[in-house]
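What follows is a short report on a single structure.
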Amino acid sequence: MEFKDFFIHDLQTFNTINKDLENIFNSNENFPMQVFDKEFKHYLFEEFYLLTSDDFWNTIQYLTNIFNEKEIIFAVLDPNPVDYFYKEFGYFNYLKLPTSLSKKDYINILEYGPKNYPADAPLHNSEKIVLFSSSRQWAIWGERSLDVCVMGFENSTFLNPLLTSPNHWSYLNKSVEKLISLNFRNMVLTKEFKDDLSKNYSNNKSV
């Protein structure tokens, strides 16, 4: 298995993926603003670092099994995939990952960095990550600096196994706010931040 083969190398494929990505995400936004362009009805939160752990692959396999999907897209938006990554290394920090991978494979691929630049591997140099699949029934956005990720969901039917999983996905609540606040001065979220977070991610009450 050549880990580099999972990364996107040609511009045409990158543009195709990016078109799909822009139909799902507001890629220029950040929390607490609405980061999804597609209107999801439900949102679950977790720590950012779950996305780069082997346990996260259990979540991916659960989701993709429901929708009978054979691959997902894992895309790093920051650092910039064109102006930085492609310019410096000749390929993009976007990956197509088959769902048949093992948890160990997943981590090994994320640990793969450009030659002589291991610190630029997605596992290490990824401030903003998105994941999605062809079904568009779910998508995930993560921001490292706030140590949080959010999963948007179309249908609440599939949420309960995630809510009761060891990964501790949860609705927006005080624990999520506290997690984010740890990255702020004095560990306090401003009222404006909390209000925007609530406005954009609390529309999941009717489960």
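Fair warning: this is a prediction, and the values are worked out from it, not measured in the lab.
With rounding to the nearest 0.5 Å, the separation of CG in N18 from CG in L77 is 8.0 Å. Taken to the nearest 0.5 Å, the CD atom of Q61 stands 9.0 Å off from the NZ atom of K103. From T59, atom OG1 reaches atom CG of L131 across 10.5 Å, with rounding to the nearest 0.5 Å. The line from OG1 of T164 to NE2 of H168 is 10.5 Å long, rounded to the nearest 0.5 Å. The structure places CG of L97 at 8.5 Å from CD of E71, a figure rounded to the nearest 0.5 Å. Residue R185 holds its CZ atom at 13.0 Å from OG1 of T190, rounded to the nearest 0.5 Å.
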Intermediate values then yes/no, side-chain hydrogen bond (donor to acceptor under 3.5 Å, both in side chains), S145 and E127: CA-CA 7 Å; S145 60; E127 163 58 25; 2.8 Å; yes

Working for side chain to side chain contact (heavy atoms under 4.5 Å, CB included), residues F45 and Y171: CA-CA 6 Å; F45 288 81; Y171 297 122; over 6 Å; no

Quick one, Y91 with F7, criterion ring pair (Phe, Tyr, Trp, His ring centres under 6.0 Å). Give me CA distance, side-chain angles, the key distance, then yes/no. CA-CA 7 Å; Y91 65 100; F7 290 79; 5.3 Å; yes

Before you tell me yes or no, could you show the steps for S135 and E69 under side chain to side chain contact (heavy atoms under 4.5 Å, CB included), namely the whole-Å CA-CA distance, both residues' side-chain angles and the distance that decides it to 0.1 Å? CA-CA 8 Å; S135 72; E69 295 169 317; 2.8 Å; yes

Worked verdict on I73 versus L21 for side chain to side chain contact (heavy atoms under 4.5 Å, CB included): CA-CA 9 Å; I73 300 297; L21 188 154; 5.7 Å; no

List the steps and the verdict of side chain to side chain contact (heavy atoms under 4.5 Å, CB included) for N26 and M33. CA-CA 9 Å; N26 293 317; M33 308 312 295; over 6 Å; no

Would F85 and F92 satisfy ring pair (Phe, Tyr, Trp, His ring centres under 6.0 Å), going step by step from the backbone distance to the final call? CA-CA 6 Å; F85 212 88; F92 300 95; 8.5 Å; no

side-chain hydrogen bond (donor to acceptor under 3.5 Å, both in side chains) assessment of N80 paired with Y86: CA-CA 9 Å; N80 189 282; Y86 185 77; over 6 Å; no

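Formation of a donor-acceptor pair under 3.5 Å by the E143 side chain with backbone atoms of F48 is not found in this model. In this structure, N155 contributes its side chain and T157 its backbone to a donor-acceptor pair below 3.5 Å. Side chain of D10 to backbone of T13: a donor-acceptor contact under 3.5 angstrom is found. A side-chain donor-acceptor contact under 3.5 Å links D105 to the backbone of S102. Proximity of a side-chain donor or acceptor of S126 to a complementary backbone N or O of I129 within less than 3.5 Å is not detected. When atom types are taken as modelled, the side chain of Q34 and the backbone of N200 share a donor-acceptor pair closer than 3.5 angstrom. At distances below 3.5 Å, not a single donor-acceptor pair connects side-chain atoms of N186 with backbone N or O atoms of V188. N68 contributes no side-chain N or O that, together with a main-chain N or O of T64, makes up a donor-acceptor pair within less than 3.5 Å. Although no hydrogens or angles enter the test, the distance criterion places no donor-acceptor pair under 3.5 Å between the side chain of S202 and the main chain of L172. Judged by distance alone, with hydrogens and angles left aside, the side-chain atoms of D37 form no donor-acceptor pair with the main-chain N or O of F25 at under 3.5 Å.
You'll find the side chain of M151 reaches within 4.5 Å of the side chain of L162, heavy atoms only. By the 4.5 Å heavy-atom criterion applied to side chains, K38 and E154 are counted as neighbours. With contacts defined as side-chain heavy-atom distances shorter than 4.5 Å, the pair W141/L51 does not qualify. For the pair L159/L44, a side-chain contact is recorded, criterion being any heavy-atom separation below 4.5 Å from C-beta on. Taking the side chain as every heavy atom from C-beta outward, I24 and V130 never approach each other to under 4.5 Å. With a 4.5 Å cut-off on side-chain heavy atoms, P122 and T52 do not count as touching. Here the side chains of N30 and V35 are not in contact, with every heavy-atom distance at 4.5 Å or above. The shortest distance between side-chain heavy atoms of W138 and S133 falls below 4.5 Å.
When the side chains of ILVMFWY residues are joined at heavy-atom separations under 4.5 Å, either directly or via intervening members, I60 and L163 end up in a single hydrophobic cluster. By the rule that hydrophobic residues join a cluster once side-chain heavy atoms approach within less than 4.5 Å of another member, F184 and V148 end up as members of one cluster. Hydrophobic clustering places L110 together with Y49 (ILVMFWY residues linked when any side-chain heavy atoms are closer than 4.5 Å, directly or through intermediates). Tracing side-chain contacts under 4.5 Å through hydrophobic residues (I, L, V, M, F, W, Y), one reaches Y62 starting from F67; they form part of the same cluster.
The pair R136-D20 meets the salt-bridge criterion, with a side-chain N (NZ, NE, NH1 or NH2) lying under 4.0 Å from an Asp/Glu carboxylate O. Ion pair K199/D195 not flagged as a salt bridge, since none of the NZ, NE, NH1 or NH2 atoms sits closer than 4.0 Å to an Asp/Glu carboxylate oxygen. Taking a cutoff of 4.0 Å between a charged side-chain nitrogen and a carboxylate oxygen, D54 and K104 do not qualify as a salt bridge.
Listed here is the closest heavy atom pair of F36 and G152: CZ-N, 3.6 Å. For Y94 against V76, the heavy-atom pair with the smallest separation is CE1-O, 3.5 Å. Residues W169 and I140 approach most closely at CH2-CD1, 4.5 Å, considering heavy atoms. Scanning both residues, V176 and S170, for their nearest heavy atoms gives CG2-OG, 3.6 Å. S27 and E22 make their closest contact through OG-OE2, 2.8 Å (heavy atoms, listed as atom of the first residue, atom of the second, distance). In plain terms, the two heavy atoms of I72 and T99 that are nearest each other are CG2-CG2, 4.5 Å.
For K178, the NZ atom counts as loosely surrounded, since its 6.0 Å shell holds 12 or fewer non-hydrogen atoms of other residues, nucleotides or ligands. Under a cut-off of 6.0 angstrom, the local environment of NZ in K194 is sparse, with at most 12 non-hydrogen atoms contributed by other residues, nucleotides or ligands.
Taking the centre of each ring, Y117 and F89 come in below the 6.0 Å mark. The distance between the ring centers of Y112 and F6 does not fall below 6.0 angstrom. The six-membered or imidazole ring of Y106 lies near that of W57, with a centre-to-centre distance under 6.0 Å. Between Y43 and Y201, the distance separating the two ring centers is shorter than 6.0 angstrom.
When the options D78, N93, D120 are evaluated for a side-chain hydrogen bond (donor to acceptor under 3.5 Å, both in side chains) with Y84, the one that passes is D120.
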